[in-house]
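Below is one structure, written out as structure tokens; the observations come after it.
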Amino acid sequence: MKELPKKNIAILGSTGSIGTQALEVIRAQPELFAVEILAAKSNADLLIRQAKEFNPNCVVIGDNDKYKIVADELQPAGIKVFSGEDSLSEVVQMETVDLVLAAIVGYAGLKSTLSAIEAGKQIALANKETLVVAGELVTKKAKEKGVNIYPVDSEHSAIFQCLAGEFHNKIEKIYLTASGGPFRGKTKNELEHVTREQALKHPNWEMGAKITIDSATLMNKGLEVIEAHWLFNVKPDMIDVIIHPQSIIHSMVQFEDGSIKAQMGLPDMKLPIHYAFGFPYRFKTEFPRFNFQKYPSLTFEQPDIKSFRSLGLAYDVLKTGGNSPCILNAANEIAVEAFLKNKIGFLRIPDLIEFCLNNVPFIQHPTYSDFVETDRETRRIAGENVIPGDPH
Ligand code: NAD
Ligand code: MG
């Protein structure tokens with residue numbers, strides 16, 4: 001393969017689960033990738049260590065109170081330091097940035113991702129909430145600016161890989177695989193009493209706290225259905241969720257001739273991150289290889305949408321459209337935070353989301369400022385309705 005120019009990457013959310021794994025990918029392939037920007041919310045110590053190792057052009061710390069600590073450490077080394085959300089949206093537009101890894105968690109990732117798209121930057125997208133909240137706006141803007149959005153979410157990376165070379169062939173169905181999370185097989189009664197600690201123990205993946213809880217409620221898969229709709233332009237009834245507890249098949253595409261393509265591999269987010277960074281090339285890696293002897297059976301089952309209501313709610317808002325996915329997302333973020341603080345029980349999460357969907361005003365054709373207002377209003381209503389009682 002001919003020698004390629006190095007890609008200069010902005011890592012937004014560098015101290016998180018995806019961010020740190022992205023830096024592992026870059027550390028292993030310094031001839032291909034370089035770090036141009038590092039950004040995180042409040043973990044100043046780790047951000048400083050990362051900057052000293054990867055020597056980016058600039059870093060952004062979200063938390064203004066931590067600005068001085070970071071600046072004192074990094075400015076003498078010639079690294080520019082900024083703080084706050086607005087700075088982040090500005091630096092992602094720098095001419096020297098080739099690709100932006102959107103790996104901030106939640107709604108907080110929307111603004112900087114939109115800003116990067118506005119400046120024509122290629123996007124490696126981990127922050128699925130961006131597409132859940134404002135999928136139409138984001139994909140329209142990306143098309144207008146000639147921006148490719150490379151999925152980092154393992155399921156969507158799998159679908160993207162299955163679609164390589166198939167651009168003229170119609171998709172009949174997408175099968176999104178789900179591990180089922182730590183509570184697979186539990187009845188609604190049993191779910192009433194599960195704890196935060198149990199919910200945080202994911203069987204196959206080590207991830208940030210928010211997405212780990214989303215995996216336990218199956219909201220993560222619901223958000224991914226919405227994400228798939230926008231990335232691959234498929235109708236909700238063409239997207240099926242299938243529980244596959246081993247997490248080896250990362251998702252599948254069925255074409256009009258009935259043939260199904262699947263993408264497989266060990267559950268390791270470095271693979272989809274690496275694919276998004278390297279596209280259209282596959283570079284050699286030293287990641288552990290899959291061993292068939294260790295997985296004598298790969299199994300599949302239907303999701304239990306009666307017990308795990310969040311998945312059904314996500315399909316509902318996708319069909320309703322407008323600002324309802326934005327309401328679902330904001331209510332979910334507040335509910336998950338309340339569950340993580342032991343303020344509400346596990347089954348109250350979908351209850352709170354449903355309450356918000358019924359009480360926040362619906363807007364059929366929301367603008368960006370409508371999303372900002374919907375997110376704010378939903379957080380207010382959800383916050384008022386987090387009633388600390390018996391958490392379990
Ligand atoms: P995490 O909680 O481990 O990390 C989140 C990162 O975002 C941290 O670096 C944090 O500092 C930063 N951040 C949060 N709020 C911010 C703000 N306001 N300003 C600047 N930085 C901010 O989360 P994660 O598990 O790495 O997930 C990140 C995103 O990737 C999520 O949208 C998640 O759904 C998606 N994703 C994660 C995985 C995974 O394996 N972890 C897999 C697929 C998709
Ligand atoms: Mg996923």
Side-chain angles (χ1 to χ4, degrees), residues 10-24 37-47 49-50 59-64 66-67 70 82-89 91-92 100-113 115 123-133 150-160 176-181 200 202 204-215 218-228 231 241 244 247 249-251 263 266-273 275-276 329 332-333 336-337 340 375:
I11 312 275
L12 314 188
S14 66
T15 57
S17 161
I18 292 290
T20 51
Q21 293 182 83
L23 289 174
E24 278 183 56
I37 299 174
L38 290 172
K41 187 177 183 188
S42 55
N43 189 343
D45 290 347
L46 182 55
L47 187 61
R49 264 186 282 134
Q50 291 177 335
V59 307
V60 185
I61 178 100
D63 192 342
N64 290 319
K66 302 272 175 74
Y67 171 77
V70 180
F82 303 97
S83 74
E85 199 185 20
D86 291 341
S87 317
L88 186 59
S89 294
V91 296
V92 292
V100 173
L101 172 65
I104 288 176
V105 57
Y107 175 87
L110 173 64
K111 195 174 173 195
S112 48
T113 308
S115 170
I123 306 287
L125 187 77
N127 177 241
K128 64 193 87 186
E129 294 91 344
T130 284
L131 286 180
V132 171
V133 171
Y150 301 113
V152 167
D153 217 346
S154 56
E155 297 75 4
H156 306 74
S157 175
I159 295 162
F160 185 53
L176 279 184
T177 52
S179 70
L200 283 171
H202 195 278
N204 301 344
W205 300 94
E206 260 201 44
M207 311 178 284
K210 192 254 176 187
I211 183 175
T212 306
I213 302 304
D214 285 348
S215 300
L218 290 196
M219 178 54 94
N220 183 48
K221 215 44 57 179
L223 301 180
E224 290 182 357
V225 168
I226 302 175
E227 184 184 13
L231 282 174
V241 170
H244 165 48
S247 296
I249 292 184
H250 297 306
S251 279
Q263 187 267 337
L266 289 170
D268 179 351
M269 287 307 295
K270 290 200 287 305
L271 266 166
I273 293 169
Y275 189 72
N329 179 70
N332 182 54
E333 287 191 32
V336 168
E337 198 183 294
L340 282 168
D375 180 76

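Each ligand, and each atom within it, is numbered from 1 in the order the structure gives.
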Extract all donor-acceptor atom pairs below 3.5 Å that involve side chains of residues 38-47 and protein atoms in other chains or at least two apart in sequence.
unit_1	atom_1	unit_2	atom_2	d
Asn43	OD1	Leu46	N	3.2

The Mg ion (ligand 2) - name of the N/O/S atom of Glu155 that sits closest to it: OE1

First-shell residues of ligand 1 [heavy atom, distance under 4.0 Å]: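 Shell around ligand 1 (4.0 Å, heavy atoms): Gly13, Ser14, Thr15, Gly16, Ser17, Ile18, Ala40, Lys41, Ala103, Ile104, Val105, Ala108, Ala126, Asn127, Lys128, Glu129, Asp153, Met207, Gly208, Ile211, Met269.
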
Hey, what do you get for CG (Asp268) to CD (Glu24), rounding to the nearest 0.5 Å? 8.0 Å

Measure the spacing between CD1 of Ile18 and CG of Asn127 and express it to the nearest 0.5 Å.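 Result: 10.5 Å between the selected atoms.
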
Which value, rounded to 10°, describes the OD1(Asp153)-the Mg ion (ligand 2)-OE2(Glu224) angle?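 Computed angle, vertex at the Mg ion (ligand 2), rounded to 10 degrees: 90°.
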
Here's a test for you: under side-chain hydrogen bond (donor to acceptor under 3.5 Å, both in side chains), which of His202, His244, Lys221 qualifies with Ser179? His202

Salt bridge (charged side-chain N to carboxylate O under 4.0 Å, His left out) contacts touching residues 11-20 (sequence neighbours left out):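 Pairs touching residues 11-20 that pass the test: none.
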
So, Ser251 side chain and Thr177 main chain: donor-acceptor pair closer than 3.5 Å or not? yes

Test side chain to side chain donor-acceptor pair (under 3.5 Å) applied to His156 - qualifying residues, sequence neighbours left out: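 Result, side chain to side chain donor-acceptor pair (under 3.5 Å) vs His156: Glu227.
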
